[in-house]
2 protein chains.
Amino acid sequence: MPRPEKHVFVCSQSRPGGHPRGSCGQRGCREVVDEFTKQWQQRQCFTQVAVTPTGCLGPCNMGPSVLVYPEGIMYGNVTVADVSEIFEEHLLGGRPVERLIVPASVW
Amino acid sequence: MPRPEKHVFVCSQSRPGGHPRGSCGQRGCREVVDEFTKQWQQRQCFTQVAVTPTGCLGPCNMGPSVLVYPEGIMYGNVTVADVSEIFEEHLLGGRPVERLIVPASVW
């Protein structure tokens, strides 16, 4: 793929039930990963945006976690319903979605 | 984890044998992921560097692929023997390892 303007990394980490750290998997990240991929294909923004699933990004108790580079902005508690806004405002519009950014103490 | 100065993403994508795209898995990425994680722990550079395994980063035929943000520099054909140099020169020293950077036509 060409080098994108925005690269969005979506945690796809799962852990067994009862694990003390929990995981984005337990908090619905599979559907969030799928929604990012689906919208990326529908919007055909292949040269502007890249979408990559990842292992653990760190703040498991605030997942699903989504990280956007090159800015290094971390979103927490992302739901399927938030994905359109992240695309339109941030990935394509260049304006981070302030309400979803994790606290500075976390990242 | 705190927001790192350098975030290194290491492809851990595998595909079945004979798949037309191949994969970083077929080209030894598992050992490269493990070496990045091992050196990250040994060097205790937890506030400076983050290491995250990922799904496909794109240039499968030049894997194992390693991507460093915020610069957005993609390395290809990375081996276990290259990991020390990437840490010392780029992740901790701030000087990208030119010989491993993929061609501009790829990324």
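First the proteins, then the strands, lettered A, B, ... as listed; each starts at 1. Keep in mind it's a predicted model, so treat the numbers as computed, not measured.
Ranking Gly55(A), Gly58(A), Ser12(A) against chain B, the residue ahead of the rest is Gly55(A), based on heavy-atom pairs under 4.5 Å. Per-residue heavy-atom pair counts under 4.5 Å with chain B were compared for Ser105(A), Pro70(A), Cys56(A), and the maximum is reached by Pro70(A). Of the listed residues (Cys11(A), Gly72(A), Pro59(A)), the one with the most heavy-atom contacts under 4.5 Å to chain B is Gly72(A).
Interface remark: Leu57(A) contributes backbone and side-chain atoms alike to the contact with chain B (heavy atom separation under 4.5 Å). Using a 4.5 Å cut-off between heavy atoms, Gln13(A) does not touch chain B at all.
Using cut-offs of 30° and 60° for the angle between ring planes, the Tyr69(B) and Phe9(B) rings count as perpendicular. Using cut-offs of 30° and 60° for the angle between ring planes, the His90(A) and Tyr75(A) rings count as perpendicular.
Taking the six-membered ring for Trp, Phe46(A) and Trp40(A) have ring centres closer than 6.0 Å.
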Test salt bridge (Lys or Arg N to Asp or Glu O under 4.0 Å) applied to Asp34(A) and Lys38(A), step by step
CA-CA 6 Å; Asp34(A) 288 349; Lys38(A) 188 180 82 174; over 6 Å; no

Hey, mind stepping through Glu88(A) and Arg43(A) against salt bridge (Lys or Arg N to Asp or Glu O under 4.0 Å) and telling me if it holds?
CA-CA 10 Å; Glu88(A) 289 169 17; Arg43(A) 294 171 187 273; 3.1 Å; yes

